[in-house]
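Report on the structure given below.
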Amino acid sequence: MPELPEVETIRRSLLPELIGRVIEDVDLYRSDILINADDYELTGWLIKGLRRRGKYLLIDAVRPGDDGPNNSITIVIHLRMTGQLLLDKTGEMQRDHVHVRFQLRRPESTIDDGSQSDNPSIIYLLFRDVRRFGRIWYFRGGCENQQSGLAGLGPEPLTDNWTCRQLAQGLSRYPKSNIKNVLLNQHVVAGLGNIYVDEALFKSGISPLRAAASLNEAEIERLYNAIREILEAAIGHRGTSFRDYVDGLNTKGHFQYELKVYSRGGLECPVCGQTILKRRVAGRGTCSCPRCQPDPQ
DNA sequence: GCCAGCCTGTTG
DNA sequence: CAACAGGCTGGC
């Protein structure tokens, strides 16, 4: 479900709630979700940061008062299709499809004058996932990049060091592959999924069926700019909520109202009025405008 | 490269 | 009832 803009929105929504809290307990309602629970001490970790890498969310934590070599961890979370991370401030939220629950305590040192009903000393972070494709891993601090799916992940599309040239190099690694497939490949660029690939291809006027090597310099530049603009805009709208997606505070995004082609098969192209095509490309439902994005012969 | 498989829920 | 759903892995 969540692509880069959704994971980034979740990160931003959870950041102020989680920082400074200690993982006091972890309930594993389904043991297969937290992959390597047996290899780590799950509790006693003080949350210091929340990062995003592609579609992965990373929780950085340390063991307070420990200067030893194993005093930090990174919890890596991937939500796959229907995963959600939800903040539960009362412990009374619905438990259906909740597979892991982190109990988070605010340290005693933090002032508690009894009036902070929206900042209780115990809150819960729920991992909820109807289809159970999502996973969680613990790693020693600094080891997360070598292990897990983070290894080999391509560049972050919204950073300055992702350039048009880098996109061109990524495409050149899969010359015969169609462009839809290449953009979905997380080794080429991290964080794009089905929605934003379709939208970026539409915005740059490129058919999803075009072979990667067939794009000329101008097209690659249009595509590069479109990817960045679409992702920025989607973050600005707090993500796309079709069915399951909500941020960490259970709030929907509204980029679904801005989509030009995705989920709009059979409707009019907002640019030229042609009927938008819906078909299967790279094994995924794919929408494009046959006039704005002419297929190769 | 393609495609089944992982899962459950919703839609036609 | 079958087909499909925002992702990724691993088997050929």
Side-chain angles (χ1 to χ4, degrees), chain A residues 1-10 29-35 52-57 76-85 94-100 127-137 147-154 157 171 173-202 208-213 227 230-231 233-235 237-247 252-266 278-288:
Chain A
M1 125 182 144
E3 308 180 25
L4 186 154
E6 289 75 33
V7 179
E8 178 62 21
T9 304
I10 292 171
Y29 305 120
R30 292 200 79 107
S31 56
D32 53 335
I33 301 288
L34 209 168
I35 297 286
R52 181 193 54 73
R53 181 76 176 91
K55 303 174 193 174
Y56 290 84
L57 193 72
V76 175
I77 301 171
H78 199 303
L79 300 169
R80 294 282 169 90
M81 297 281 262
T82 54
Q84 300 172 326
L85 280 174
Q94 284 194 327
R95 296 290 171 79
D96 61 318
H97 301 112
V98 172
H99 309 308
V100 180
F127 177 91
R128 181 173 187 272
D129 188 356
V130 170
R131 290 174 76 176
R132 278 191 274 132
F133 291 170
R135 290 292 181 267
I136 304 174
W137 302 259
Q147 305 166 45
S148 79
L150 294 176
L153 212 53
L171 300 194
R173 287 163 52 201
Y174 306 91
K176 293 183 178 169
S177 209
N178 66 52
I179 188 67
K180 167 114 185 183
N181 221 335
V182 177
L183 293 179
L184 285 172
N185 184 335
Q186 302 298 298
H187 297 266
V188 173
V189 50
L192 291 175
N194 209 25
I195 297 178
Y196 299 112
V197 166
D198 279 10
E199 291 298 307
L201 287 172
F202 173 75
L209 291 183
R210 294 275 303 279
I227 289 170
I230 292 282
L231 292 175
I235 292 172
H237 286 79
R238 303 179 56 87
T240 302
S241 293
F242 264 115
R243 21 180 92 83
D244 305 293
Y245 169 70
V246 287
D247 72 8
K252 290 185 179 189
H254 42 270
F255 197 69
Q256 60 273 24
Y257 306 117
E258 312 297 323
L259 297 174
K260 302 283 197 283
V261 285
Y262 184 84
S263 86
R264 299 193 67 251
K278 164 104 193 248
R279 57 188 163 177
R280 202 149 276 274
V281 178
R284 314 294 300 276
T286 299
C287 296
S288 62

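Chain letters run A, B, ... following the sequence lines, proteins first and then strands; every chain starts at 1. As a basis for the values below, the full set of heavy atoms in this structure was taken, side chains included, without hydrogen atoms, waters or symmetry mates.
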Please state how far atom [atom1] in [X] lies from atom [atom2] in [N], giving the value in whole angstrom units.
X	N	atom1	atom2	answer
R284(A)	dC3(B)	CZ	P	14 Å
Q256(A)	dA5(C)	CD	P	18 Å
D129(A)	dA5(C)	CG	P	18 Å
K278(A)	dA3(C)	NZ	C1'	10 Å
Y56(A)	dT9(C)	OH	C1'	10 Å
L57(A)	dG7(C)	CG	C1'	16 Å
L184(A)	dC2(B)	CG	C1'	14 Å
R280(A)	dG1(B)	CZ	C1'	16 Å

Within the structure shown, what part of the strands sits under 4.0 Å from [X] by heavy-atom distance: base, sugar-phosphate, or nothing?
X	value
G285(A)	sugar-phosphate
N181(A)	sugar-phosphate
T82(A)	nothing
G283(A)	nothing

Indicate whether OP1 or OP2 belonging to [N] is found under 4.0 Å from a side-chain N or O atom of [X].
X	N	value
K180(A)	dG1(B)	no
K176(A)	dG1(B)	no
Q186(A)	dC8(C)	yes
K55(A)	dC8(C)	yes
N185(A)	dC8(C)	no

Polar side-chain atom of R279(A) near backbone of T286(A) as donor-acceptor pair, under 3.5 Å: no
Between E8(A) and G54(A) (side chain of the first, backbone of the second, donor and acceptor by atom type, cut-off under 3.5 Å), is there such a pair? no
Would you call the rings of F127(A) and H99(A) parallel, tilted or perpendicular, taking 30° and 60° as the class edges? tilted
For [X] and [Y], work out which heavy atoms get closest and say how close.
X	Y	answer
Q84(A)	L79(A)	N-CD2, 3.8 Å
A200(A)	I227(A)	CB-CG1, 3.8 Å
H187(A)	R173(A)	O-NH1, 3.7 Å
K180(A)	L201(A)	CA-CD1, 4.3 Å

Charged N to carboxylate O under 4.0 angstrom, D247(A) versus R238(A)? yes
For this output row, return yes or no: ring centroids of F242(A) and Y262(A) closer than 6.0 angstrom. yes
Take atom [atom1] in [N] and the same atom in [M], then report the distance between them in whole Å.
N	M	atom1	value
dC7(B)	dG11(C)	P	16 Å
dC4(C)	dC3(B)	C1'	16 Å
dG1(B)	dA5(C)	P	23 Å

With a 4.5 Å heavy-atom cut-off, do T82(A) and R132(A) have their side chains touching? no
Indicate for each nucleotide in nucleotides 6-12 of chain B, in 5' to 3' sequence, whether protein heavy atoms under 4.0 Å reach the base (B), only the sugar-phosphate (S), or nothing (-). BBBS---
Base-pair map of DNA chain C as dot-bracket, where | denotes pairing with a different strand and pairs are Watson-Crick or G-U under 3.5 Å: |||||.||||||
In terms of side-chain heavy atoms of Y262(A), which of dC2(B), dA5(C), dG7(C) is nearest? dA5(C)
Distance only, no hydrogens: is a donor on one side chain within 3.5 Å (strictly under) of an acceptor on the other, for E6(A) and Y196(A)? yes
